[in-house]
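For reference, the structure is listed below as structure tokens.
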Amino acid sequence: MEYFLTEEQQTIKGLARKIAEERVLPVRAELDEREEFPRAIVKDLADADMFRVFIPEQYEGLGGGCLELCLVVEELSRICGGVATTYAVNALGCYTLIEYGSEEQKQKYLPDIAAGKKLAAFAITEATAGSDVSGIKTTAEKVEGGYLLNGSKQFITNAPEADIYAVIVLTDKTKGPRGASTIIVEKGTPGFSFGKKEKKMGIRASSTGELVFRNCLVPEENLIGRAGAGFIQAMRLFDRSRPGIAAQAVGIAQGALEAAVDYAQQRVQFGQPIITLPVVQDMLAEMAIQVEAARALTYAAARTVDSGARNLTEAAAGAKVFASDVAVKVTADAVQVCGGTGYMRDFPVEKMMRDAKVTQIYEGTNQILRNAIAMELRKRKGRTV
Ligand SMILES: Cc1cc2nc3c(=O)[nH]c(=O)nc-3n(C[C@H](O)[C@H](O)[C@H](O)COP(=O)(O)OP(=O)(O)OC[C@H]3O[C@@H](n4cnc5c(N)ncnc54)[C@H](O)[C@@H]3O)c2cc1C
């Protein structure tokens with residue numbers, strides 16, 4: 001399929017592929033096995049200016065949009081979904097600053113993130129607040145000298161490795177969701193520590209942990225935008241970042257498809273390579289169609305984000321739901337095509353199957369996103385835009 005990428009977009013995609021194949025591929029199984037954060041690869045990505053891709057030029061970025069981010073995430077995911085998660089969530093943390101930060105906040109944080117000197121994270125989930133984010137309990141009480149944070153966040157990607165955390169807190173607990181705000185908390189702030197490190201099914205090269213705030217005093221200038229705007233900011237950010245999760249799903253599925261085709265060409269049973277068997281051909285063809293359809297929807301959603309369109313929910317959520325469902329199905333089918341070998345951990349498709357699952361869960365479960373799409377349909381009575 002021709003996606004009419006510009007020369008610059010093709011260069012970015014090519015560079016991401018080179019890093020993925022040369023630097024990630026040799027260590028992906030080991031990173032997964034040891035559940036190890038990919039520090040050396042983060043440095044490789046920084047050296048190749050990959051963290052500059054999605055940051056505006058005035059903050060030392062390359063000024064790329066959602067599509068450029070998706071191209072990098074897809075290429076990294078084709079080799080390792082875990083490495084891609086680290087990269088994509090860093091971008092989500094940055095989007096908070098790019099979209100809602102003051103000029104001072106952008107100047108303070110974005111150039112270091114662009115250079116790969118600092119990593120960002122985004123924290124909304126708590127034990128009582130998953131799909132229902134209005135259940136957050138972490139408070140930020142206004143006191144002399146800033147905000148005093150108390151509470152904890154769970155399942156936070158890039159914790160404890162990240163340096164800059166965009167945290168959604170209640171600055172006014174009497175107002176419920178309208179009392180939520182986004183506050184930047186830097187690693188090393190007294191009263192901010194890290195709790196449990198999660199052991200995961202997949203994306204094990206990424207780090208997922210708990211943030212704990214105990215009388216953590218954060219300067220007032222770390223408030224992002226207006227107090228009380230935290231939830232609306234978060235919902236709009238997810239509309240921008242969900243195509244990135246869709247791209248992760250597309251990349252994982254693409255990797256699995258390629259591995260399955262290679263295997264089917266080499267594996268001989270009943271005197272012939274299994275790729276000559278109509279049932280196997282049928283599976284592979286269906287996988288290829290699904291991956292391409294997911295890619296087309298993902299790029300279209302990313303381009304919708306980059307167009308400046310106001311209502312992004314349907315495009316972004318639709319791409320994320322479709323691509324993640326495809327990734328789960330295609331990776332499972334890849335294991336099937338590879339038979340017993342596919343089930344073994346020294347062959348990559350079982351990891352891809354484990355990595356794919358989370359794309360149906362984070363940044364809004366697919367059930368929640370289907371609800372959101374249905375709400376949009378109800379609003380416009382099913383009419384096309
Ligand atoms: C590896 C990983 C990394 C993550 N990284 C981050 C991060 O960096 N920052 C962050 O803030 N969070 C992060 N999360 C949290 C993630 O966004 C949540 O797990 C997700 O939103 C779902 O919340 P939950 O796990 O509490 O599930 P629940 O909300 O408890 O849902 C359980 C089940 O109920 C269903 N359900 C719930 N409500 C409804 C409804 N109204 N209609 C239909 N079905 C419903 C869900 O779809 C799901 O199937 C991460 C999670 C994982 C697994």
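Both ligands and their constituent atoms are indexed starting at 1 by order of listing. Note that these values count all heavy atoms, side chains included, but never hydrogens, waters or copies made by symmetry.
Nearest protein neighbour of atom 31 (O) of ligand 1, counting heavy atoms only, is S131 OG, 3.8 Å. If you check which protein heavy atom lies closest to atom 14 (N) of ligand 1, you get F155 O, 3.3 Å. Given atom 45 (C) of ligand 1, the protein heavy atom at minimum distance is I368 CD1, 4.1 Å.
Here the closest heavy-atom approach between residue A234 and residue I124 is recorded as CB-CD1, 4.0 Å.
Remark: atom 34 (O) of ligand 1 lies closer than 4.0 Å to no protein heavy atom. For atom 37 (C) of ligand 1, a protein heavy-atom neighbour is present inside the 4.0 Å cut-off.
For V358, every heavy-atom contact with ligand 1 shorter than 4.0 Å involves the side chain, none the backbone.
Heavy-atom proximity to I156, at under 4.0 Å, picks out these atoms of ligand 1: 7 (C), 8 (O), 9 (N), 10 (C), 11 (O). Contact atoms of ligand 1 toward T365: 22 (C), 46 (C), 47 (O) (distance under 4.0 Å to a heavy atom of the residue).
Side-chain atoms of T182 and Q233 form a donor-acceptor pair, as typed in the model, at a separation below 3.5 Å. Side chains of Q248 and Y87: no donor on one and acceptor on the other come within 3.5 Å.
Here the two rings, on F155 and Y362, have centers that are 6.0 Å apart or farther.
Counting heavy atoms only, I361 comes closest to atom 21 (O) of ligand 1 of the residues I361, N366, L369.
Close N/O approach between F122 and ligand 1 is found [any backbone or side-chain N/O within under 3.5 Å].
No donor-acceptor pair under 3.5 Å is formed between the side chain of E35 and the backbone N or O of R204. For the pair E30 (side chain) and V27 (backbone), a donor-acceptor distance under 3.5 Å is absent.
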Exercise. Kindly determine whether R240 and E99 satisfy salt bridge (charged side-chain N to carboxylate O under 4.0 Å, His left out), including the steps that lead there.
Key: CA-CA 10 Å; R240 305 187 77 78; E99 291 297 314; 3.4 Å; yes

